[in-house]
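Predicted model only: the values in this text are computed from it and were never measured.
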Amino acid sequence: MKSVKPYLSGGVVAIAFALSACSPEVGSKAWCQDMDEEPKGDWSANEATAYARNCIFKSEDE
């Protein structure tokens with residue numbers, strides 16, 4: 001009987017990749033709206049920095 005472990009780990013990786021592909025690009029209008037809906041206490045330091053840079057202090061020429 002062969003081990004099922006390689007198939008399970010491959011399936012988990014495939015699902016994780018598929019779910020990450022569904023999130024909008026950091027800094028996009030959709031991403032800013034998603035972050036507005038997420039509780040601020042759940043943000044990482046990188047997300048907070050990206051939100052400030054791309055959603056609050058966005059330059060007009062972009």
Close side-chain approach of Ser23 and Trp31, heavy atoms under 4.5 Å: no
side-chain hydrogen bond (donor to acceptor under 3.5 Å, both in side chains) against Asp36, all qualifying residues, sequence neighbours excluded: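 Per chain and number, Asp36 pairs via side-chain hydrogen bond (donor to acceptor under 3.5 Å, both in side chains) with Tyr51.
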Within residues 39-48 or reaching into it, pairs that qualify as side chain to side chain donor-acceptor pair (under 3.5 Å) - sequence neighbours excluded: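 Output for this query is empty, none listed.
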Set of residues satisfying side chain to side chain contact (heavy atoms under 4.5 Å, CB included) with respect to Gln33, sequence neighbours excluded: Lys29
For Ala30, all residues meeting side chain to side chain contact (heavy atoms under 4.5 Å, CB included), sequence neighbours excluded: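 Scan of Ala30 (side chain to side chain contact (heavy atoms under 4.5 Å, CB included), adjacent residues dropped) gives Pro24, Ser28.
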